[in-house]
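When reading the values below, keep in mind they use all heavy atoms of this one structure, side chains included, and skip hydrogens, waters and symmetry mates. Source: prediction; values computed, not measured. Read the numbers this way: they start at 1 and go in the same order the structure lists the ligands and their atoms.
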Amino acid sequence: MLENANALKAQFEEALSKVTTTAEIDALRIEYAGKKGLVSSLMNDLKNVPNDQKKEAGMVINQVKQFVEEQIKLKTEELIKLEEQRKIDEAESYDESLPTDLGLGSYHPITLIQREVEDIFSSMGFIVEDYSEIVDDYHCFEALNIPKHHPARDMQDTYYLDNGQLLKTHTSAAQNYIMRKYGAPVRAIFPGRCFRNESTDACHENTFFQLEGIMIDEDISISNLIYFMKTMLSEVFKQDITVRLRPGFFPFVEPGFELDIQCTICHGKGCPSCKNSGWLELCPCGMIHPNVLTYGGIDTEKYTGFAFGLGLTRLAMMKYGIKDIRMLNSGSLKALSQFTDK
Ligand code: DAH
């Protein structure tokens, strides 16, 4: 009996030394310390031991039992710790043979063109302002000389929110805010995302970017407007740009214009990019309507000003030769990462 107990103990120690995982120690527990395990069957054998040896045999078996349980407990704790550490090591480890040259991220073409135009205007003394994408009717329309029921409201299909506010349909919505904030004289540009409830195609998107600008001072005239537009566009396209003004109607400017640039591809001769006209429509603009100045708290006896609403999305498409406007909102890294500010 005693021999059996010692043999079992030795056998257990041998098996234990080979265990390396918690699954294996579980199996070992069942094999030795389980209800029908080897230690239990040793206990059962006790009944066959002569009475005078029972006490001693019982003690020895109990010692083996305690030893087995204690060793299993210690080994289990040790293995759990080891396995946790292994998981941490795996999570933190990396494969040194993987290629590290994954390339740098890139800016969205709209961000590139926006920064470029901002730099140009900043160098000419313009402040760059930010403005909310959610605005109220007053700022988007009323303060721009577009009263309720004015037909000009139909030019812009507006997304209205449940609380009566709306998604800004044009960056002009910030004009009043800028005039109130800075007073006159002021030179400011304010780029922003605009929203219109339009169906989309290669040239139309319901979400697009504009960059608005105003300059208000004494004696500001159309020639100032032309000078700043021409300078900015020549810088953006890195060539001398010819512009022309055509009359255009916008309730917040008087007179209002459509500013066209001579096609940078055919230089005015006519090509598919400019629909053979030689000109590209780029930037509506005009002299700020006296009513709009008044809404902005500006003294119309003393000051005049110009405003323009540059289509930033349009400009990016022209500069980078992007044929489908929807690509800009597609989130496709393959398409969007090919542009640089060079
Ligand atoms: N806000 C106009 C639009 O989105 C564009 C515009 C026209 C802006 C004339 C101006 C301007 O500042 O003077 O349709």
Side-chain angles (χ1 to χ4, degrees), residues 110 117 121 126-129 131-133 135-147 150-159 166-179 186-198 203-217 220-230 232-233 243-261 280-293 295-296 298 303-317 325:
I110 297 284
V117 177
F121 275 105
F126 282 70
I127 310 160
V128 182
E129 267 285 340
Y131 193 62
S132 172
E133 290 174 353
V135 296
D136 55 22
D137 186 274
Y138 177 79
H139 285 89
C140 203
F141 299 120
E142 295 268 344
L144 289 166
N145 203 28
I146 315 177
H150 191 289
R153 289 200 180 204
D154 295 343
M155 286 159 69
Q156 304 182 354
D157 294 319
T158 310
Y159 285 111
L166 45 103
L167 297 184
K168 128 177 124 189
T169 56
H170 54 174
T171 41
S172 309
Q175 283 197 16
N176 182 268
Y177 160 80
I178 305 279
M179 289 179 205
V186 64
R187 299 176 187 199
I189 55 164
F190 25 106
R193 197 196 306 258
C194 305
F195 308 87
R196 288 188 200 174
N197 192 359
E198 288 191 4
C203 309
H204 296 90
E205 251 292 16
N206 49 24
T207 307
F208 54 94
F209 287 80
Q210 291 185 339
L211 186 143
E212 188 98 359
I214 54 172
M215 178 172 182
I216 302 170
D217 207 333
I220 294 292
S221 69
I222 295 171
S223 43
N224 297 106
L225 168 63
I226 295 174
Y227 167 79
F228 281 104
M229 294 297 100
K230 217 173 126 84
M232 181 270 294
L233 293 167
V243 299
R244 76 172 183 193
L245 292 181
R246 283 180 294 122
F249 173 72
F250 305 94
F252 33 93
V253 279
E254 180 57 39
F257 306 105
E258 291 287 356
L259 184 140
D260 300 337
I261 65 168
L280 294 163
E281 202 176 299
L282 193 65
C283 182
C285 52
M287 300 305 293
I288 303 175
H289 195 290
N291 288 354
V292 175
L293 291 174
Y295 279 125
I298 308 279
Y303 295 108
T304 49
F306 67 75
F308 61 90
L310 184 65
L312 212 52
T313 300
R314 185 111 204 267
L315 192 59
M317 289 174 73
I325 191 171

Selected option - heavy-atom contact closest to atom 11 (C) of ligand 1, from Phe250, Phe249, Phe252: Phe252
field: Over all atoms of both residues, closest heavy-atom pair of Pro251 and His289
entry: O-CD2, 3.7 Å
- prompt: Would one find more than 12 heavy atoms of other residues, nucleotides or ligands at under 6.0 Å from atom OH of Tyr138?
  reply: yes
query: Where on Ser172 is there a heavy atom closer than 4.0 Å to ligand 1, on the side chain, on the backbone, on both, or on neither?
result: side chain
query: So is Gly286 close enough to ligand 1, meaning a heavy atom under 4.0 angstrom away?
result: yes
message: Is the contact between Arg196 and ligand 1 made by the side chain, the backbone, both, or neither, using heavy atoms and a 4.0 Å cut-off?
response: side chain
Show me the donor-acceptor pairs within less than 3.5 Å that the side chains of residues 304-311 make with the rest of the protein, sequence neighbours left out.
from	atom 1	to	atom 2	distance (Å)
Thr304	OG1	Ile220	N	3.1
Thr304	OG1	Ile220	O	2.9

message: With heavy-atom distances below 4.0 Å as the criterion, list the atoms of ligand 1 near Ala307.
response: 12 (O), 13 (O)
message: Using a 4.0 Å cutoff against the non-hydrogen atoms of Gly309, which atoms of ligand 1 qualify?
response: 8 (C), 10 (C), 12 (O)
- prompt: Any N or O on Pro284 sitting closer than 3.5 Å to an N or O of ligand 1?
  reply: no
- prompt: Hey, what's the ring geometry for Phe121 with Phe126, parallel, tilted or perpendicular (30° and 60° as the breaks)?
  reply: perpendicular
- prompt: Shortest non-hydrogen contact from Phe250 to Pro284?
  reply: CZ-CB, 3.4 Å
statement: In this structure, CE of Met229 is separated from CG of Leu282 (nearest 0.5 Å) by 9.5 Å
query: Should Glu281 and Arg314 count as an ion pair when the cut-off is N to O under 4.0 Å?
result: no
Atom indices of ligand 1 within 4.0 angstrom of Gln175 heavy atoms, with elements: 12 (O)
statement: Note: ligand 1 atoms sitting under 4.0 Å from heavy atoms of Val253 are 13 (O)
